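All chains are named by letter (A, B, ...) in the order of the sequence lines, taking the proteins before the strands, and each is independently numbered beginning at 1. Values in this document were obtained by computation on a predicted structure and should not be read as measured data.
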Amino acid sequence: MSHHIVEVQDLRFAYPDGNEALSGLSFRIHHGESVAIVGANGAGKSTLLLHLNGCLVPKQGTVRIGDFPLTEKTLPDVRRTVGMVFQDPDDQLFMPTVYDDVAFGPLNLGLPFDEVDARVRAALATVGGEHLAKRPPYRLSGGEKRAVAIATVLSMSPNILVLDEPTSNLDPRARRNLITLLHGFEHTKIIATHDLDMVMDLCGRTIVMHRGHILADGPTRDIFADDRLLDEGHLERPLSLR
Amino acid sequence: MSHHIVEVQDLRFAYPDGNEALSGLSFRIHHGESVAIVGANGAGKSTLLLHLNGCLVPKQGTVRIGDFPLTEKTLPDVRRTVGMVFQDPDDQLFMPTVYDDVAFGPLNLGLPFDEVDARVRAALATVGGEHLAKRPPYRLSGGEKRAVAIATVLSMSPNILVLDEPTSNLDPRARRNLITLLHGFEHTKIIATHDLDMVMDLCGRTIVMHRGHILADGPTRDIFADDRLLDEGHLERPLSLR
Amino acid sequence: MHMADALISPTVGGIMWAATAGLIAHCSRKISTNLEGSRVPLMGVLGAFIFAAQMINFTIPATGSSGHLGGGAILAILLGPHAAFLTIASVLTIQSLFFADGGILALGCNIFNLGFWPCFVAYPFIYKAITGHSPSRGRIVTGAMLASIAGLQLGAFSVVLETVASGISELPFETFVMIMQPIHLAIGLVEGLVTAAVVTFVWKARPEILAMAQGLGVRTAPSFRGVVTGLALAALVTGGALSWFASAHPDGLEWSMAKVSGKEELEAPADGIHAMLAGIQEKTALLPDYAFKAAEHESAQAEGEAPAAWPAVDAGTSTSGILGGAMTMLLAGALGLFLKKRQHRA
Amino acid sequence: MPKIDTSLFEIGTLDRLAAGDTDIHALDPRAKLVTTLAFILTVVSFGRYEVASLVPLLAFPLVLAILGRVPGPYLLRKLLIASPFAVMVGMFNPFLDQTVLLNVSGLNVTGGWVSFAAILLRFALSVTAALVLIATTGFAQVCMALTRLGTPRIFATQLLFLYRYIFVLTEEGLRMSRARDLRSFGRRGTGLRIYGFMLGQLLLRTMDRAGRIHRAMLCRGFDGEVRLNRRLRWRREDVLFVCGWLGFFALARVFNLPQELGQMLLKVIA
Ligand SMILES: Nc1ncnc2c1ncn2[C@@H]1O[C@H](COP(=O)(O)OP(=O)(O)OP(=O)(O)O)[C@@H](O)[C@H]1O
Ligand SMILES: Nc1ncnc2c1ncn2[C@@H]1O[C@H](COP(=O)(O)OP(=O)(O)OP(=O)(O)O)[C@@H](O)[C@H]1O
Ligand SMILES: [Mg+2]
Ligand SMILES: [Mg+2]
């Protein structure tokens with residue numbers, strides 16, 4: 001069970017152009033938690049998420065998933081454990097058909113044909129996208145793309161789901177459907193977003209980032225009640241709390 | 001004054017692959033009005049906006065800006081009158097510096113150097129971006145990019161401002177700043193968006209689109225009070241009204 | 001300047017296919033071993049960029065017409081020769097399969113003409129030689145301009161050689177050269193300007209990208225020289241083979257030139273070209289235009305009489321040919337109708 | 001710009017056709033690929049004055065198009081769009097080659113005209129065959145067949161990526177082009193300098209996107225090889241298909257079928 005713990009210690013990272021995007025972060029996320037990462041544009045949210053499964057390698061500090069620190073050797077395991085949904089589904093859906101895309105991960109795991117097929121079907125069913133299997137991804141609507149992008153990750157049966165701005169560009173109903181869908185998962189969830197109302201709905205805990213630091217980390221209700229904190233983090237009290 | 005009227009009559013449009021994105025729309029927007037265009041993903045909002053300054057040519061029906069129908073001949077005039085801000089600021093910012101980008105339009109209008117300079121400064125000041133003038137646009141944050149994109153359009157002193165999803169991917173403060181900024185304009189404003197709370201803040205009138213049709217057109221308060229209508233249009237009552 | 005299937009002979013098409021296939025295999029090996037496939041998405045997406053760049057056009061000064069990016073040189077500069085060659089090959093493959101631009105048999109020629117020269121000649125010997133390890137604006141512009149022009153000139157000349165060696169088109173060599181080279185000089189100039197503009201933009205905005213591409217070249221440098229030598233040899237051999245075909249059967253060239261110059265008496269041997277087509281052996285051969293002509297001359301001389309050539313048709317044969325052709329068409333139509341009917345019932 | 005626009009739309013159409021499920025679609029992609037290649041080779045191996053003997057080969061694209069439900073008007077339109085180069089180069093033949101080959105009731109037919117006709121026919125045959133292949137197979141399957149037949153995997157993968165991102169990137173290019181045109185007023189702003197900035201910008205975005213895609217792939221266990229969850233199996237139909245057509249091509253190549261048919265008819269009449 002400890003396998004699902006995410007622990008970040010004193011994480012620092014600078015982009016090649018010298019821009020220090022993360023300057024010393026630490027937190028620990030437990031099994032089954034649903035955590036929001038919020039903050040201004042450029043605060044470092046996306047950069048942080050990219051560290052959680054080794055897409056970026058820290059300049060300093062460690063990331064631990066479960067009992068293991070993230071290293072070259074544990075990388076394949078970690079990537080199977082941590083499922084990452086990117087902000088732009090077009091970056092994630094690169095195969096010729098939806099089916100192939102959802103099958104991509106399981107095939108790389110070396111699973112046998114039938115097992116792959118079963119997983120693909122199950123993942124598509126979970127997001128309500130069985131009918132899309134044969135379509136090419138570029139023909140899907142925004143909401144459909146997002147759902148399929150989640151399915152591509154679910155098919156690898158990750159224990160931890162990491163999502164970067166999942167509700168952006170969705171219409172209100174598609175957004176609501178997505179939130180309902182995410183509610184249904186018992187995975188550990190880490191969500192970077194500007195949609196504070198979704199955070200209210202979905203996440204018990206919120207981490208506020210600011211210029212590569214953690215400004216606050218605590219229960220969502222408390223954080224959203226602290227107007228000074230919100231102001232410092234370029235945030236606003238969600239409408240449902242006004 | 002009648003110059004600022006936007007009138008669309010029985011507008012139909014199909015993409016080359018036969019997809020009928022607009023199937024008969026009519027409306028009339030008066031000088032100084034602030035109108036929201038809302039609806040599900042794929043309802044045709046962006047397609048409609050692209051007709052308002054002749055980026056797309058209708059298969060049937062007419063678009064009138066002011067007293068003139070939009071034709072090949074009136075196109076340059078119309079484009080000066082209607083300023084269009086795209087959803088993704090990256091599409092709009094292609095010059096090496098912010099200054100050059102904001103100056104691009106006025107220079108192409110053939111204005112003298114001093115006039116251009118004055119306009120650039122004024123436009124940047126309006127969006128609070130004077131300090132960005134020398135920066136390359138691809139190094140700006142999301143909110144800054146959006147502000148500059150609006151400045152590139154303002155520098156041509158349009159009478160009508162058309163914006164496609166202006167608040168997407170902005171952090172709450174940048175979003176609030178943008179809304180305040182837009183509040184300050186006495187231009188006619190036409191805004192396609194999924195951000196219904198911004199609509200509540202900014203637009204007196206709302207047009208609900210659905211599958212290329214107009215589902216409803218009326219005062220925003222009335223429309224957002226009609227739950228059946230909202231459901232049909234894949235919308236939700238904004239939080240500020242719940 | 002995409003060649004079409006209809007205009008090349010199987011020999012030329014086949015040789016160029018083989019050359020191209022060899023190059024693709026070679027480049028793939030280079031890339032998959034060096035870089036663990038990590039450049040695959042970059043290559044694919046940059047290929048798509050070549051298409052996307054065509055959505056944007058610009059006005060060519062003084063002419064009022066518009067141009068857009070061709071792509072060979074810029075890909076070589078951004079990706080290095082091996083990855084660029086594969087990318088160009090895939091762009092041309094898509095064009096031939098989906099846009100019917102060029103053709104499947106001609107694909108070998110097209111990939112070679114538009115890929116080999118910019119990647120393995122113009123880029124290493126011109127662009128890299130000029131920009132060196134300390135690129136400056138002036139060097140980048142000069143290098144990009146010259147590399148683009150040279151690449152296109154060589155490519156255009158290959159088109160001429162391949163077309164003439166195929167002997168399907170009657171266009172004489174000289175005329176064709178006189179048409180193709182100047183046109184492609186103009187195209188090369190424009191392409192060079194565009195390439196220079198884009199590369200300098202990237203160099204200013206994100207110098208690390210160019211440094212990375214250059215670095216790749218440096219890292220593979222030792223083997224790279226060997227590769228270039230090998231490829232140059234391959235090119236020589238290919239070119240030699242082509243010109244051998246042209247010179248061993250000079251009538252392909254001479255004959256058409258003679259036509260232009262009005263020397264009618266050279267026609268008789270030309271008419272004999274297809275004289276032997278009655279024989280099954282020659283019929284099944286892949287070299288209808290050239291390879292058997294010598295043999296045919298020999299045999300004609302040996303037997304001391306010219307066999308009745310197909311083109312010199314007697315009335316009986318031509319009538320039956322026309323009648324038969326018409327009947328075949330009818331049969332095809334009937335077959336079509338039959339299949340359609342069956343389909344509807346199914 | 002209109003050209004690439006319509007071309008893309010054509011890709012969409014081919015994609016839609018390829019999603020069909022006729023018997024032709026069900027054939028192994030390798031069978032179709034090999035047969036099509038053999039067909040094109042057969043077509044181009046004919047002599048330059050041979051027109052009539054090429055005609056029977058029409059059967060191949062015709063039968064496949066009909067059984068695979070590829071609409072004829074669509075193929076014709078594509079042929080027309082693609083024809084200019086072949087027509088342009090072939091057009092010289094009638095002027096350059098004035099040898100009289102045939103005399104049909106007093107009308108002299110020169111070698112140039114015959115070879116011109118042959119060029120057009122070859123062009124039509126080879127282009128339709130390629131189009132029908134894609135329209136009944138789909139690009140991904142063709143790539144898969146290519147890999148199975150020995151094409152380097154990296155090349156095939158690369159092709160798939162290119163194909164996938166054409167749409168995304170051309171949309172981006174189109175939007176940028178639009179944004180520029182809106183502020184250009186048809187006068188300035190479309191020159192080379194601006195064009196260089198725009199392409200540069202598009203290029204940077206493209207490279208960023210490539211980086212993001214690569215990350216997304218790594219996250220899902222990418223190890224340098226792209227796999228598809230499909231089994232290719234030669235069935236009896238596939239073998240029959242290949243052998244049948246190859247036999248027919250050989251027949252058409254060796255015998256001048258129309259000629260034979262005509263002679264038979266003449267004999268019957270006589
Ligand atoms: N590829 C890159 N190279 C250099 N700097 C980068 C790169 N990507 C991001 N940055 C910088 O790193 C910082 C953090 O960026 P990041 O994308 O993580 O922010 P974010 O919190 O996700 O913002 P947003 O809400 O806009 O998505 C910013 O200052 C940004 O400009
Ligand atoms: N270039 C195109 N070619 C073909 N169809 C298109 C194209 N662009 C959009 N469409 C289709 O036209 C319809 C309307 O699309 P449009 O982009 O106008 O919707 P929208 O209301 O702006 O959606 P969103 O909220 O997701 O931005 C959709 O069905 C879409 O798939
Ligand atoms: Mg982000
Ligand atoms: Mg839209």
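- For the pair C/Trp17/C/Ile104, a side-chain contact is recorded, criterion being any heavy-atom separation below 4.5 Å from C-beta on.
- Heavy-atom distances place both the backbone and the side chain of C/Val91 under 4.5 Å from chain D.
- Ranked by non-hydrogen atom pairs under 4.5 Å with chain C, the options D/Val142, D/Thr206, D/Leu37, D/Leu54 are led by D/Thr206.
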- prompt: Hey, mind stepping through C/Val40 and D/Ile154 against side chain to side chain contact (heavy atoms under 4.5 Å, CB included) and telling me if it holds?
  reply: CA-CA 7 Å; C/Val40 170; D/Ile154 193 169; 3.5 Å; yes
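- Residues C/Ala53 and D/Leu199 come closest through the heavy atom pair CB-CD2, 3.6 Å.
- Ranking D/Val168, D/Asp208, D/Thr157, D/Leu160 against chain C, the residue ahead of the rest is D/Asp208, based on heavy-atom pairs under 4.5 Å.
- Note on D/Leu121, D/Leu159, D/Thr42: by heavy-atom pairs under 4.5 Å with chain C, the leading option is D/Leu159.
- D/Val127 has its side chain out of reach of D/Lys78: every pair of non-hydrogen atoms, C-beta onward, lies at least 4.5 Å apart.
- C/Ala196 does not touch chain D: none of its heavy atoms, backbone or side chain, sits under 4.5 Å away.
- Atoms CZ and OG, from D/Arg153 and C/Ser28 in turn, are 11.5 Å apart once rounded to the nearest 0.5 Å.
- If you measure heavy-atom distances from D/Ile134 to chain C, the contacts under 4.5 Å come from the side chain alone.
- The greatest number of non-hydrogen atom pairs below 4.5 Å with chain C, out of D/Ser126, D/Gly200, D/Ala129, is found for D/Gly200.
- Classified by interplanar angle (parallel below 30°, tilted 30° to 60°, perpendicular above 60°), the ring pair D/Phe249/D/Phe60 is perpendicular.
- Atoms CG and CD1, from D/Leu203 and C/Ile74 in turn, are 6.0 Å apart once rounded to the nearest 0.5 Å.
- No other option in D/Phe161, D/Phe155, D/Tyr165 has as many heavy-atom pairs under 4.5 Å with chain C as D/Phe155.
- In terms of non-hydrogen atom pairs under 4.5 Å with chain C, the most contact-rich of D/Gln201, D/Arg209, D/Met217, D/Met264 is D/Gln201.
- For C/Thr200, no part sits under 4.5 Å from any heavy atom of chain D, backbone or side chain.
- Between C/Phe201 and D/Leu204, the closest side-chain pair of non-hydrogen atoms falls below 4.5 Å.
- The contact between D/Gln158 and chain C is made by backbone and side chain atoms together, counting heavy-atom distances below 4.5 Å.
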